[in-house]
Amino acid sequence: MSDAPTAVLRTLGSTRDTPAFVMVHGVGMSHRSLRPLAAALTAQHEVHLVDLPGFGGLPRPRKDLDIAAMADVLFAALTGAGVETAVLVGHSMGVQWVLETVRRHPDAVAAVALIGPVVDARRRTLRHQAAALAVRESMRVNVRVVIDYVRCGPRWFFRQVRHMLRYDTQSVLADLDRPVLVVRGEHDPIARADWAEALAAGAGDGLVVTISGQAHHAQFTAPRAVADDLHRFSIRAMRRS
């Protein structure tokens, strides 16, 4: 275990005349769950893939890290890498880490994209989330999930899930002054249509896109479709600023 929690950034692409993306995985997962999406964006954007402490094979900190602490670790990694005013992209619980980073360090973020956001206020229990995760995904997704979950380990996973269930995503989002894109798979049982619409409506400048035929891991199973939406959103956000 590590005394000084750190995040690792992996940079793909080198285009500097469009906004950079910073991509943050969900609980139990790693940057590998976002690599197909990153690869689909690198012709037009610089992309930074993140592994947060305790995930993706990184050491698990001795002390628990709540969402605010994890956001500060992410911000420190971005600062250390010289990343400025990027579009932050979170998947699943990564949405909460991204939103908290914006809330605490707003000048570092131009816009946010929330893929499969958690946790629906009406389903904020472990039972609801576990039942939703039982939805059928592709074999490729299931293999990726199992590998990453084993690397994470159950103790660190459930510590973070506890923070995930307590975090009021909707209230935090409503207080942010940044363009927001909510992305959901058509068949995502975690980020349901009404929840996604409520998040976008509560944001000052929010938009929802639905990826046809996909479930919770749309960024992995339909990376080109998600990349196209992210590219268009980033250009719109850049013009707004």
Side-chain angles (χ1 to χ4, degrees), residues 21-27 29 33-34 36-37 40-41 67 87-103 109-138 141 145 161 164-237 240:
F21 286 103
V22 174
M23 298 188 174
V24 182
H25 57 79
V27 66
M29 300 301 293
S33 66
L34 292 154
L37 176 58
L41 282 164
I67 290 176
V87 177
L88 265 59
V89 181
H91 173 245
S92 200
M93 188 181 177
V95 161
Q96 297 178 333
W97 290 319
V98 160
L99 290 178
E100 189 65 17
T101 302
V102 184
R103 189 181 73 82
V109 183
V112 292
L114 318 178
I115 304 174
V118 297
V119 175
D120 189 329
R122 294 167 299 176
R123 301 177 179 89
R124 198 181 292 168
T125 68
L126 183 59
R127 179 178 63 84
H128 277 116
Q129 297 305 303
L133 282 173
V135 67
R136 185 184 298 273
E137 291 273 11
S138 72
V141 169
V145 169
V161 166
M164 180 186 83
L165 295 174
R166 293 174 177 172
Y167 192 77
D168 191 346
T169 301
Q170 196 166 10
S171 293
V172 173
L173 180 58
D175 289 338
L176 300 184
D177 180 25
R178 291 293 183 275
V180 175
L181 177 67
V182 181
V183 181
R184 65 174 299 272
E186 179 184 9
H187 305 302
D188 188 344
I190 292 175
R192 302 187 183 205
D194 55 351
W195 167 241
E197 293 289 349
L199 289 177
D205 183 5
L207 175 68
V208 177
V209 296
T210 299
I211 309 300
S212 177
Q214 307 305 311
H216 188 57
H217 293 266
Q219 85 291 346
F220 194 83
T221 56
R224 181 73 267 167
V226 177
D228 289 344
D229 285 320
L230 287 178
H231 172 69
R232 287 190 290 268
F233 170 68
S234 71
I235 299 303
R236 170 177 167 265
R240 178 185 182 273

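Residue numbers run from 1 in the order of the sequence given. Since the structure is predicted, the reported quantities are computational estimates derived from the model, not experimental observations.
For the residue pair Gln170 and Ala198, the shortest heavy atom distance occurs at NE2-CB, 3.7 Å. Shortest non-hydrogen contact noted between Val208 and Ala196 is CG2-O, 3.4 Å. Nearest heavy atom pair, residue Phe220 against residue Ser33, reads CD1-O, 3.4 Å. Between Tyr167 and Glu100, the shortest heavy-atom contact is OH-OE1, 2.7 Å. Of all non-hydrogen atoms in Trp195 and Pro117, the two that sit nearest each other are NE1-O, 3.0 Å. Closest of all the heavy-atom pairs between Ala237 and Ala111 is CB-CB, 3.7 Å.
Classified by interplanar angle (parallel below 30°, tilted 30° to 60°, perpendicular above 60°), the ring pair Trp97/His25 is perpendicular.
Side-chain contact between Val27 and His91 is absent, with no heavy atoms from C-beta onward closer than 4.5 Å. The shortest side-chain heavy-atom distance between Leu114 and Val180 falls under the 4.5 Å cut-off. Contact annotation: the side chain of Leu230 never approaches that of Val87 to less than 4.5 Å [non-hydrogen atoms, C-beta and beyond]. Between Met93 and Val119, every side-chain heavy-atom pair lies at or beyond the 4.5 Å cut-off. In this structure, His217 and Val145 have side chains that are in contact, with non-hydrogen atoms separated by less than 4.5 Å. The shortest distance between side-chain heavy atoms of Met29 and Ser92 does not fall below 4.5 Å. Side-chain contact between Leu181 and Val112 is absent, with no heavy atoms from C-beta onward closer than 4.5 Å. Between Val22 and Val98, every side-chain heavy-atom pair lies at or beyond the 4.5 Å cut-off.
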Item to complete: Apply side chain to side chain contact (heavy atoms under 4.5 Å, CB included) to the pair Arg236 and Asp205, showing each step before the final yes or no.
Response: CA-CA 11 Å; Arg236 170 177 167 265; Asp205 183 5; 2.4 Å; yes
Worksheet item: Given Arg184 and Ile211, is the side chain to side chain contact (heavy atoms under 4.5 Å, CB included) satisfied, shown in steps?
Response: CA-CA 6 Å; Arg184 65 174 299 272; Ile211 309 300; over 6 Å; no
Practice prompt. Please lay out, stage by stage, how Val95 and Thr169 fare under the test side chain to side chain contact (heavy atoms under 4.5 Å, CB included).
Written response: CA-CA 8 Å; Val95 161; Thr169 301; 4.3 Å; yes
Item to complete: Show your working on side chain to side chain contact (heavy atoms under 4.5 Å, CB included) between Gln96 and Met164 and close with a plain yes or no.
Response: CA-CA 7 Å; Gln96 297 178 333; Met164 180 186 83; 3.4 Å; yes
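Taking a cutoff of 4.0 Å between a charged side-chain nitrogen and a carboxylate oxygen, Asp228 and Arg224 qualify as a salt bridge.
Checked by atom type and distance alone, the side chain of Ser234 pairs as donor or acceptor with a backbone atom of His231 at under 3.5 Å. For the pair Glu186 (side chain) and Gly213 (backbone), a donor-acceptor distance under 3.5 Å is present.
We find the CZ-CG distance between Arg192 and Asp120 to be 7.5 Å, quoted to the nearest 0.5 Å. Once rounded to the nearest 0.5 Å, the distance linking CZ of Arg178 with CG of Leu173 reads 12.5 Å.
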